[in-house]
Trainee: 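My structure is below; once you've seen it, I'll send some questions.
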Amino acid sequence: MTVRTRYAPSPTGEPHIGNIRTALFAWLLAKHHGGQFLLRIEDTDRQRLVEGAVEAQMETLRWLGLEWDEGPDKGGPHAPYTQSERLDIHQEHAERLLAEGWAYRCYCSSERLSEVRKAQQARKDPPRYDRHCRDLSPEDRARIEADNTPAVVRFKTPLTGETFTHDALRGEVPFANDTLDDFVILKSDGYPTYHLAAIVDDHLMEITHVIRGEEWISSLPRHVLIYQAFGWEPPVFVHVSRILGSDRAKLSKRHGAHAALAYREMGYLPEAIINFLALLGWSLDDKTEIIDLDTLIRAFDTDRLLTNPAVFNAEKLEWMNGVYIRNLSPEGLAERARPFLEGALGQPVDAQKLAQIAPLIQERIKTLTDVVEMADFFFTEGPLKYDPANLLGKKSFAGEPARAADALASVISTVETLDGWGHEALEAAVRPLAEEMGVKAGELFAVIRVAVTGKTAAPPLFETMSVLGRDLSLERLRAARDRLAAAG
RNA sequence: GCCCCCGUCGUCUAGCGGCCCAGGACGCCGCCCUUUCAAGGCGGAGAUCGCGGGUUCGAAUCCCGCCGGGGGCACCA
């Protein structure tokens with residue numbers, strides 16, 4: 001039997017980190033077993049639909065490389081994969097349960113339902129449907145239906161006994177049937193609830209492993225009951241824990257971005273996100289942190305999945321993203337960073353020039369957006385904006401702009417006669433000047449650094465100047481010299 | 001109120017009866033390297049394994065109770 005898993009979001013908004021980790025686990029499990037991963041849209045709640053949400057789900061999955069084998073856009077042997085297009089199937093199945101005595105129509109108004117609930121809560125009883133319509137006589141039913149009273153279909157939950165559920169990570173979890181109520185499986189608008197739709201579709205789509213959030217555990221007995229009523233073999237259920245924010249509360253906007261796509265905007269690499277997410281509630285062994293996709297697929301299984309919730313550690317993600325950035329080829333980094341630079345600069349950026357810069361910044365950035373701060377000066381035209389005080393630094397040039405101007409002047413005259421503009425030649429020419437001036441090389445370099453980059457922290461000076469080119473470097477050195485001379 | 005789940009350094013985790021007075025990683029601190037910033041190397045602080053009983057020669061690991069946290073109890077998924 002081939003393993004088939006699914007990711008079944010409801011299109012009520014953008015997928016967040018937690019959804020995506022669940023999708024990742026489902027995807028990995030399918031790939032590990034050489035099976036299929038499907039995408040199914042659960043849009044049975046017509047009120048909560050959000051426009052563009054389906055696209056956002058797909059966009060996120062694609063960005064991360066979690067391609068689906070069957071889905072709404074690509075079809076498959078069990079199409080359609082959008083629940084709202086499967087209404088007839090769900091209604092048919094509701095009818096079948098009705099006909100076989102597993103379900104009944106309920107005509108209670110929402111007003112009556114909320115009154116019942118209120119009274120129960122006042123009595124500190126668990127809020128549950130009071131089964132008012134469960135044992136209506138055929139005559140009563142006929143009378144009510146003659147009035148065209150809207151009805152829902154409720155599942156007839158056993159009044160006594162226990163329902164034994166099984167979760168792959170937790171084992172048997174028994175539920176007393178008298179704690180369950182007669183839940184709705186078909187709403188009055190003709191749409192199924194999750195309980196019916198998910199079970200019917202999972203069965204019809206031959207899903208072998210249902211991987212979903214832990215919040216579904218308390219619904220598991222209902223689902224098992226539905227499988228029993230249909231006489232179907234239930235799939236393996238794997239309920240994964242939640243991802244929490246740093247305060248151990250549910251991950252939300254308060255904790256920074258929780259929408260998965262926001263991480264793309266922040267300059268995170270999909271492979272880093274995958275690696276990081278995989279390690280939230282799962283581990284390869286006792287020491288491996290950086291795990292490539294192939295290894296993940298090869299090693300992933302549910303047996304090393306944890307049941308306790310995991311706090312989302314943004315700092316570790318950032319570190320990991322840095323590791324992946326450092327592992328990129330210069331061309332690879334240039335290609336990925338280019339859109340971020342272009343966006344910030346508002347102008348096209350030459351890919352080859354960026355590839356030259358890449359090795360200089362690669363170990364200095366943690367996200368692709370850092371490229372802007374780290375390398376914008378390579379592309380900006382005209383005078384650099386910086387505080388002239390930074391030219392002087394805090395050491396021997398502090399408070400002595402005239403001396404700094406002289407120093408820059410001698411750097412300029414030394415360097416402008418150079419034949420080449422390689423970083424080794426530049427350093428060989430400039431380094432001795434420091435000694436002549438009686439300052440430490442680093443102090444002289446600091447002045448040049450600010451003059452040439454506008455920053456006190458920048459990539460290695462001479463490589464930077466080399467990539468920057470003779471003209472731009474000299475132009476900036478002269479501009480700095482003039483500013484200092486004017487100040488002195 | 002009822003039902004269910006979870007509980008190892010701040011965080012992610014290893015651990016499935018002796019290898020653990022608990023290992024790795026992020027973060028933090030220090031040193032080294034060094035033209036800045038990083039990266040890298042080395043070292044350090046950091047966990048009464050939620051608490052209390054029990055089983056056992058021996059428990060983070062098994063059992064029971066408690067406490068704490070979370071989830072569910074919708075014509076939402």
Side-chain angles (χ1 to χ4, degrees), chain A residues 8-12 42-45 47-48 106 108-110 113-114 117 120-121 123-129 150-154 165 167 169-170 173-176 178-181 183-195 197-198 212-221 239 241-242 244 246 248-250 276 279-290 304 306-320 322-323 326 361-366 374 393 427 430-431 434 440-446 448-450 453 455-462:
Chain A
S10 79
T12 53
E42 309 213 323
D43 57 348
T44 55
D45 183 348
Q47 264 79 51
R48 295 205 307 152
C106 163
C108 293
S109 66
S110 52
L113 257 23
S114 64
R117 225 180 336 257
Q120 286 165 331
Q121 272 159 347
R123 263 180 280 129
K124 305 226 165 185
D125 282 344
R128 282 202 283 261
Y129 177 58
V152 301
V153 177
R154 287 182 184 273
T165 68
D167 172 89
L169 309 180
R170 282 159 265 254
V173 184
F175 287 84
D178 60 12
T179 63
L180 272 24
D181 68 354
F183 54 97
V184 173
I185 56 174
L186 197 71
K187 301 183 256 188
S188 57
D189 64 1
Y191 281 83
T193 61
Y194 173 89
H195 304 305
R212 44 147 52 162
E214 191 183 37
E215 65 273 19
W216 288 110
I217 269 202
S218 29
S219 298
L220 227 203
H239 291 92
S241 65
R242 320 198 74 175
L244 273 23
S246 45
R248 303 205 73 89
K250 195 175 130 190
F276 178 75
L279 256 18
L280 243 37
W282 181 84
S283 59
L284 177 64
D285 54 30
D286 58 344
K287 53 180 167 294
T288 313
E289 304 282 341
I290 304 300
R304 289 186 70 82
L306 259 25
T307 51
N308 53 310
V311 171
F312 184 85
N313 186 179
E315 282 173 335
K316 185 159 180 176
L317 203 213
E318 194 174 56
W319 162 79
M320 193 172 277
V323 172
R326 271 171 253 134
I361 62 173
Q362 200 148 9
E363 57 195 31
R364 295 178 167 74
I365 58 174
K366 287 190 157 43
M374 194 60 68
E427 180 164 3
V430 174
R431 193 176 277 278
K440 286 188 180 160
E443 295 175 42
L444 211 217
F445 295 176
I448 305 173
R449 177 175 302 109
V450 174
T453 69
K455 303 173 198 295
T456 52
L461 182 56
F462 299 106

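So that the names make sense, note that chain A is the first sequence line, chain B the second, and so on, each numbered from 1. Quick note: numbers below take in every heavy atom, side chains included, and nothing from hydrogens, waters or symmetry partners.
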Trainee: Identify, with sequence neighbours excluded, every residue that meets side-chain contact (heavy atoms from CB on, under 4.5 Å) alongside A/Ala457.
Mentor: none

Trainee: Please find out if less than 6.0 Å separates the ring center of A/Phe183 from that of A/Tyr129.
Mentor: no

Trainee: Want to settle it: does A/Pro174 or A/Thr456 sit nearer the 5' end of RNA chain B, counting the closest nucleotide to each?
Mentor: A/Pro174

Trainee: Write down the distance separating the P atoms in B/A25 and B/C67, rounded off to the nearest Å.
Mentor: 39 Å

Trainee: Taking all non-hydrogen atoms of both residues into account, name the closest pair between A/Arg326 and A/Glu363 and its distance.
Mentor: CG-CA, 3.8 Å

Trainee: Mind calculating the distance between CE (A/Met374) and P (B/U36) to the nearest angstrom?
Mentor: 15 Å

Trainee: List for me each residue that meets side-chain contact (heavy atoms from CB on, under 4.5 Å) alongside A/Ser188, sequence neighbours excluded, and say none if there are none.
Mentor: A/Pro150, A/Val152

Trainee: Taking side-chain contact (heavy atoms from CB on, under 4.5 Å) as the definition, give me every residue that meets it alongside A/Ser246, ordered by chain and number, with sequence neighbours left out.
Mentor: A/His255

Trainee: Could you tell me how far B/G23 sits from B/G65 if I compare only their P atoms? Round to whole Å.
Mentor: 32 Å

Trainee: Mind checking who B/C66 pairs with, Watson-Crick or G-U wobble, both distances under 3.5 Å?
Mentor: B/G50

Trainee: Searching all strands shown, indicate the nucleotide that pairs with B/G1 (Watson-Crick or G-U wobble; both distances under 3.5 Å).
Mentor: B/C73

Trainee: Does A/Asp43 have any salt bridge (charged side-chain N to carboxylate O under 4.0 Å, His left out) partners at least two apart in sequence or in another chain, and if so, which?
Mentor: A/Arg46

Trainee: Just checking A/Phe175: base, sugar-phosphate only, or nothing, at a heavy-atom cut-off of under 4.0 Å?
Mentor: sugar-phosphate

Trainee: Could you please name the partner base of B/G18, counting Watson-Crick and G-U wobble pairs only when both distances are under 3.5 Å?
Mentor: B/C57

Trainee: Got a sec, which residues hit salt bridge (charged side-chain N to carboxylate O under 4.0 Å, His left out) with A/Arg48, two or more places apart in sequence or on another chain?
Mentor: A/Asp45

Trainee: When rounded to the nearest Å, what value does the distance between P atoms of B/A22 and B/G46 take?
Mentor: 11 Å

Trainee: Partner lookup for B/G10, please. Criteria are Watson-Crick or G-U wobble with both distances under 3.5 angstrom; report none if nothing qualifies.
Mentor: B/C26

Trainee: May I ask you to say what A/Ile217 touches in the nucleic acid, namely base, sugar-phosphate or nothing, with a heavy-atom cut-off under 4.0 Å?
Mentor: sugar-phosphate

Trainee: Could you write nucleotides 71-77 of chain B as a row of B, S and -, 5' to 3', where a protein heavy atom under 4.0 Å of any base atom gives B, of only sugar-phosphate atoms gives S, and otherwise -?
Mentor: SSBSBBB

Trainee: Please report the distance separating the C1' of B/C9 from the corresponding atom of B/C5, rounded so that it comes out in whole Å.
Mentor: 24 Å

Trainee: Polar atoms only, N or O, under 3.5 Å: list the protein pairs with nucleotides 9-13 of chain B and their distances.
Mentor:
{"residue": "B/C12", "atom": "OP1", "partner": "A/Val311", "partner atom": "N", "Å": "2.9"}
{"residue": "B/C12", "atom": "O2'", "partner": "A/Leu279", "partner atom": "O", "Å": "3.0"}
{"residue": "B/C12", "atom": "O2", "partner": "A/Lys316", "partner atom": "NZ", "Å": "3.3"}
{"residue": "B/U13", "atom": "OP1", "partner": "A/Gly281", "partner atom": "N", "Å": "2.3"}

Trainee: Within a radius of less than 6.0 Å around NZ of A/Lys250, do more than 12 heavy atoms belonging to other residues, nucleotides or ligands occur?
Mentor: no

Trainee: Got a sec, which residues hit salt bridge (charged side-chain N to carboxylate O under 4.0 Å, His left out) with A/Arg123, two or more places apart in sequence or on another chain?
Mentor: A/Asp125

Trainee: Can you list everything that forms a side-chain contact (heavy atoms from CB on, under 4.5 Å) with A/Ala8? Sequence neighbours excluded, please.
Mentor: A/Arg6, A/Arg40, A/Glu42

Trainee: Could you give the distance separating B/C3 and B/C12 at their P atoms, to the nearest angstrom?
Mentor: 29 Å

Trainee: So which protein nitrogen or oxygen atoms get under 3.5 Å of nucleotides 38-48 of chain B's nitrogens or oxygens?
Mentor:
{"residue": "B/A38", "atom": "O2'", "partner": "A/Glu363", "partner atom": "O", "Å": "2.1"}
{"residue": "B/A38", "atom": "N1", "partner": "A/Glu363", "partner atom": "OE2", "Å": "3.3"}
{"residue": "B/A38", "atom": "N3", "partner": "A/Glu363", "partner atom": "OE2", "Å": "3.3"}
{"residue": "B/A39", "atom": "OP1", "partner": "A/Lys366", "partner atom": "NZ", "Å": "3.2"}
{"residue": "B/A39", "atom": "O4'", "partner": "A/Glu363", "partner atom": "O", "Å": "3.3"}
{"residue": "B/A39", "atom": "O3'", "partner": "A/Arg326", "partner atom": "NH1", "Å": "3.3"}
{"residue": "B/G40", "atom": "OP1", "partner": "A/Arg326", "partner atom": "NH1", "Å": "3.3"}

Trainee: According to ring pair (Phe, Tyr, Trp, His ring centres under 6.0 Å), who are the partners of A/Trp319, at least two apart in sequence or on a separate chain?
Mentor: none

Trainee: Taking all heavy atoms of A/Pro127 and all of A/Gln120, pick out the closest pair and write down the distance.
Mentor: CA-OE1, 3.3 Å

Trainee: Does B/U35 have a Watson-Crick or wobble partner in any strand here, with both distances under 3.5 angstrom, and which is it?
Mentor: none

Trainee: Pick the P atom in B/A47 and in B/C32, then give their distance to the nearest Å.
Mentor: 28 Å

Trainee: Could you give the distance separating B/C73 and B/C66 at their C1' atoms, to the nearest angstrom?
Mentor: 25 Å

Trainee: For the C1' atoms, the ones on B/C19 and on B/G1, what distance do you get once it is rounded to whole angstrom?
Mentor: 49 Å

Trainee: I'd like to check the salt bridge (charged side-chain N to carboxylate O under 4.0 Å, His left out) partners of A/Glu214; sequence neighbours left out, ordered by chain and number.
Mentor: A/Arg170

Trainee: Could you tell me the separation between the NZ atom of A/Lys287 and the P atom of B/G23, rounded to a whole number of Å?
Mentor: 14 Å

